[in-house]
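So the structure is just underneath, and the comments pick up after that.
In what follows, every chain begins at residue 1, and chains take the letters A, B, ... in the order their sequences are listed.
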2 protein chains.
Amino acid sequence: MSVTIKKIAKDLNLAVSTVSKALRDSHEISAETKARVFEYAAKLDYIPNPYASSLKKGRSGNIAVVLPEVADSFFSAAINGIESIAHDKGYHTMVYLTHEDVQREQSIVREFRNGRVDGVLMSIVANDEKYEHLTELYANKIPLVFFDRVCESIETASVVTNDFDSAYAAAKHLIDQGSKRIAFLSMPGELAIIKHRHQGYTQALRDHALPERVVFCTDNEDENNAIIEQLLTASDRPDGIIGSIEKVTMPVYKICHAHRIAIPYDIKIIGFSHLQIASLLYPPLTTVTQPAFEMGKAAATILFKALEKKYNLKNERIVIPSVLNVRASTHTMSIENK
Amino acid sequence: MSVTIKKIAKDLNLAVSTVSKALRDSHEISAETKARVFEYAAKLDYIPNPYASSLKKGRSGNIAVVLPEVADSFFSAAINGIESIAHDKGYHTMVYLTHEDVQREQSIVREFRNGRVDGVLMSIVANDEKYEHLTELYANKIPLVFFDRVCESIETASVVTNDFDSAYAAAKHLIDQGSKRIAFLSMPGELAIIKHRHQGYTQALRDHALPERVVFCTDNEDENNAIIEQLLTASDRPDGIIGSIEKVTMPVYKICHAHRIAIPYDIKIIGFSHLQIASLLYPPLTTVTQPAFEMGKAAATILFKALEKKYNLKNERIVIPSVLNVRASTHTMSIENK
DNA sequence: CTTATTTACGAAACCGTTTTCGTATATAGA
DNA sequence: TCTATATACGAAAACGGTTTCGTAAATAAG
């Protein structure tokens, strides 16, 4: 069996309460007793039982990170940011993957209501207005911070990037580079992140009196390949494409390569993507890059503020801007060297 | 406050023990009492307190996944595989990042000894023979399964890929494509995974009577850039390169681009990498791909076998083969079209 | 009809900690 | 000198389950 406070108390002829207080450096305990306890605890390599203390204190020391998927490099970087903060704060990080499945998100979140985690960071699944599991969290006083994909009908803190502005900037960039028929690869569902990017795209095209064209992709890779192949091989092929998320941008490259559609001559491409290796693609991909690591860190920081100080989470909203990295996939003929 | 067994017992005029047994579907309880309890518990939306039951039962329902980093796409995919199995088994997944720091790995693992997790999956940090924290785990009866990066001096189950064979195959492939001066980009430390790849490389070159050349990179990106730049701009530049891990392969591309070294004409490149988008690089990168998702799943499966059935973990070793994906970065002149 | 066994439930101990409260001794204040 | 106030510690009650054991009633065995 592992060493407990009880054993230390017995060996040292002290009461368990005395040992407990000594270990927590209580002022009720004399310096010499503390020293004795500390020394002996170190000698026995005492590690407190986390469940006993969680049970008593009503806090677990865990936070949950709920993500749609982790293969995406954005969420990998976010986990990195979150875990680094959590570890500094002495918290443990539990990771849950929803795989874009609302059912699964619900069952995962419902389990949080009885104390397994003290707080929740999440990026929600694209769904249609089923948010009871989230309001229940709130009812149970478990702080919740959204990052990236927020649910706007829940009042809590969130960390997002400037999706509208960066989508506007992306579209504007394509327009400046000479594109006239710019398509936006979207996704179905109520995701705010997609909606904002869509709106930024729309606004830019209207401001420049260009026709809008929105193509909806799906969660299925094969379906997306078919959808995009149809888009790129039709007679009214766009001459500019904005991929709203990483998943829909990669197929564009594949299909352009397969059909010998020259990037950026026949078509210019911008992707919302967090890939560091975008510059190594053929040709290097112009991206709108979200500050994933920073967003994860910021979200975790807010959550811990709420956990430590009964800080009120309502109405807080941190915006960390994305960056437009211009690369060869959107070059015009004239600056096509480099 | 949340609803407890005690409350259910009081409301139903039963003893807490009766309610507890009913909820666990004990044969000691009559069908009608069970029905009453289940119905009422469902109505009140009862969720058991995980800490109370963990404390009593001595099991947490958590597993730990300890990784050097998660930004790497290999480990992202592995987490995916692990979480999917864990979720099916009703376990929760805690993620810890060591950032290639032995100190951090040690402090993380030491905390596991008092029950926070029931089992550990890990890919170890490259270090030099400091494994007390791992043997301590074993002494505390916490099952440990290595995946990918194993510690060979600890006797436990592991899931690896066939590093020697695939490195041999990679070198052989370069030789077949005409490379004569093949360098191996290695990493310092005792990592078995690197050692095996190194050995596979060495064996292949010896079998073909070619000179070996091993270049050691570091964990620092800038240093690696400098090391590789020096390698590629020297007069005795290699005409073939094997990158032992993802981290050292990407700089090669960058530097080749910067110095107008033509891939695959001036130099052919193979990278050990899990990147799905290797085919979109310029030029498409020939890779040795580890089955990360499958390895994660296999490791988790073994761990749960140990957790559920007191299964003995010694001496088990699952090898899931890597795949050599030949792409343009190693083509010869003659087949350079495509 | 008596005894053994099963069925269905309750009482209480227990897991390892934290926390409240009580108390003996020592010190300070009047 | 007699009462307040610290000081340092112990006893015991939690926290919310699980599990062992005991027992009354019902059933089966002889």
Specify the closest pair of heavy atoms between [X] and [Y], including all atoms of both residues, with the distance to one decimal.
X: B/P68; Y: B/T98; result: CA-OG1, 3.0 Å
X: A/S2; Y: B/N114; result: OG-OD1, 3.3 Å
X: A/Y91; Y: A/I63; result: CD2-CG2, 3.9 Å
X: B/F75; Y: B/S123; result: CE2-OG, 3.4 Å

(Q) Any residue in residues 20-41 of chain B with a heavy atom nearer than 4.0 angstrom to DNA chain C? Just list them by number, or reply none. (A) B/K21, B/E28, B/I29, B/S30, B/T33
**Q.** Salt-bridge criterion met for B/E100 and B/R149 (N-O under 4.0 Å)
**A.** yes
(Q) Categorize B/N114 for me: base, sugar-phosphate, or nothing, with a 4.0 angstrom heavy-atom threshold over every strand shown. (A) nothing
Q: Indicate, with a heavy-atom threshold strictly under 4.0 Å, whether A/T4 touches base, sugar-phosphate, or nothing.
A: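 If one applies the 4.0 Å heavy-atom cut-off, A/T4 turns out to touch the sugar-phosphate alone, with no base involved.
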Between [N] ([atom2]) and [X] ([atom1]): distance, integer Å:
X: A/N49; N: C/dC15; atom1: CG; atom2: P; answer: 11 Å
X: A/K57; N: D/dG16; atom1: NZ; atom2: P; answer: 16 Å
X: B/I5; N: C/dA12; atom1: CD1; atom2: C1'; answer: 15 Å
X: B/K10; N: C/dG10; atom1: NZ; atom2: P; answer: 16 Å
X: A/Y51; N: D/dA14; atom1: OH; atom2: P; answer: 26 Å
X: B/L55; N: C/dT18; atom1: CG; atom2: C1'; answer: 12 Å
X: A/R59; N: C/dT18; atom1: CZ; atom2: P; answer: 11 Å
X: B/L14; N: C/dA8; atom1: CG; atom2: P; answer: 14 Å

Q. With respect to the phosphate group of C/dC15, does any side-chain polar atom (N or O) of A/K6 fall under 4.0 Å of OP1 or OP2?
A. yes
Q) Would you say a side-chain N or O of B/T18 is under 4.0 Å from OP1 or OP2 of C/dG10? A) yes
Q. What do you reckon, are the aromatic ring centroids of B/Y96 and A/H87 less than 6.0 Å apart?
A.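 That pair fails the under 6.0 Å test.
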Q: May I ask you to decide if B/R317's main-chain N or O and B/S158's side chain share a donor-acceptor pair within less than 3.5 Å?
A: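 Checking the backbone N and O of B/R317 against the side chain of B/S158, no donor-acceptor pair under 3.5 Å is found.
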